[in-house]
Amino acid sequence: MFLQCGKFRLSLERPLVMGVVNVTPDSFSDGGLFADTARAVAHARQLVEEGADILDIGGESTRPGAAPVSLEEERRRVLPVLEALAGGKIPVSVDTRKPGLMREAIAAGAAMVNDVTALSGAGALEAVAKTPVAVCLMHMQGEPGTMQSNPDYRDVVREVRDYLDGRVSAAVAAGIARERIVVDPGFGFGKTLEHNLALLSSLRELRLPGVALLVGLSRKAMLGKLTGREPKDRVHASVAAALAAVQNGAHIVRVHDVAATRDALTVWQAVKNQN
Ligand code: 9MG
């Protein structure tokens with residue numbers, strides 16, 4: 001199986017690592033450390049050195065309670081970083097839910113669009129359909145501002161699967177080939193710890209035919225709830241979560257700590273290759 005990501009054709013025979021580059025002053029996990037373009041670009045290059053397979057550049061925080069950012073501000077944060085990194089040896093993804101920025105980012109060389117609203121916004125499917133980029137369709141219950149106030153499901157695994165299945169059908173109907181599509185259950189996006197654990201343990205049920213499965217657990221609140229640690233001290237927990245995800249069927253893990261995750265996955269793969 002492959003993921004077609006612009007001009008890049010990525011094999012999904014081994015797990016891929018997507019490195020997170022936040023260009024936000026209010027990001028929950030790195031406190032806006034990379035809010036300045038030059039530092040964000042340097043950080044991204046470091047992640048490539050550490051073994052990232054894809055970079056994900058975001059200019060609007062989606063942490064619970066985060067305030068929305070205008071198109072102008074998000075563009076100001078993201079495009080210079082993207083322009084500096086596109087044309088490199090790995091694909092660059094843009095993390096945005098704004099169709100206007102999707103279009104500009106693709107023109108600037110983005111090979112993937114990571115949309116936490118699964119291209120459900122007006123004009124989002126059209127912004128990507130006729131391009132060669134990959135798309136990540138994520139599940140979220142509610143909106144980042146309020147999503148953690150009262151998440152509610154009858155059967156979280158079935159509901160998330162049905163939602164993702166519906167969004168894949170919408171994307172395919174819009175002209176996006178399955179080999180360009182990634183789905184993501186959206187850990188922490190309108191989910192309690194129990195919902196997140198149910199999804200992680202049943203991840204295989206979320207694998208949809210011909211599309212890649214991405215999981216983002218890195219430094220998230222659920223790991224804080226389990227370990228009692230602050231975001232910056234959740235590296236070990238994040239690596240354990242990434243391994244659990246891959247063991248349960250994830251093709252791509254979205255992480256802050258690329259070197260640690262890459263090492264762990266190298267060991268995991270070596271053991272798997274014995275079978
Ligand atoms: C932007 N962002 C934050 N967390 C994420 C996750 O878990 N998945 C995806 N696709 N994007 C995320």
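One-based numbering, in listed order, for ligands and for the atoms of each. Predicted model, so just to flag it, every value in this text is computed and none were measured.
With respect to the salt-bridge test (charged N to carboxylate O, under 4.0 angstrom), the residues Arg77 and Glu73 qualify. Between Glu74 and Lys98 there is a salt bridge, since at least one side-chain N of the basic residue sits less than 4.0 Å from a carboxylate O of the acidic one. Using a cutoff of 4.0 Å between basic side-chain nitrogens and carboxylate oxygens, Arg75 and Glu104 are scored as salt-bridged. With respect to Asp162 and Arg158, a salt bridge is recorded, a charged nitrogen being found less than 4.0 Å from a carboxylate O. Under 4.0 Å is where a charged nitrogen must lie from a carboxylate oxygen, and between Asp257 and Arg234 no such pair does.
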Just list the side-chain donor-acceptor pairs under 3.5 Å for residues 174-190, sequence neighbours left out, or say none.
unit_1 : atom_1 : unit_2 : atom_2 : d
Arg178 : NE     : Pro209 : O      : 2.8
Arg178 : NH2    : Pro209 : O      : 3.0
Glu179 : OE1    : Arg9   : NH1    : 3.3
Arg180 : NE     : Val133 : O      : 2.7
Arg180 : NH1    : Ala129 : O      : 3.2
Arg180 : NH1    : Thr131 : O      : 3.1
Arg180 : NH2    : Val128 : O      : 3.0
Arg180 : NH2    : Thr131 : O      : 2.9
Arg180 : NH2    : Val133 : O      : 3.0
Asp184 : OD1    : Gly186 : N      : 2.8

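Within 4.0 Å of ligand 1, contacts by protein heavy atoms are made from Thr62, Asp95, Asn114, Val116, Cys136, Met138, Asp184, Phe189, Leu214, Gly216, Lys220, Arg254.
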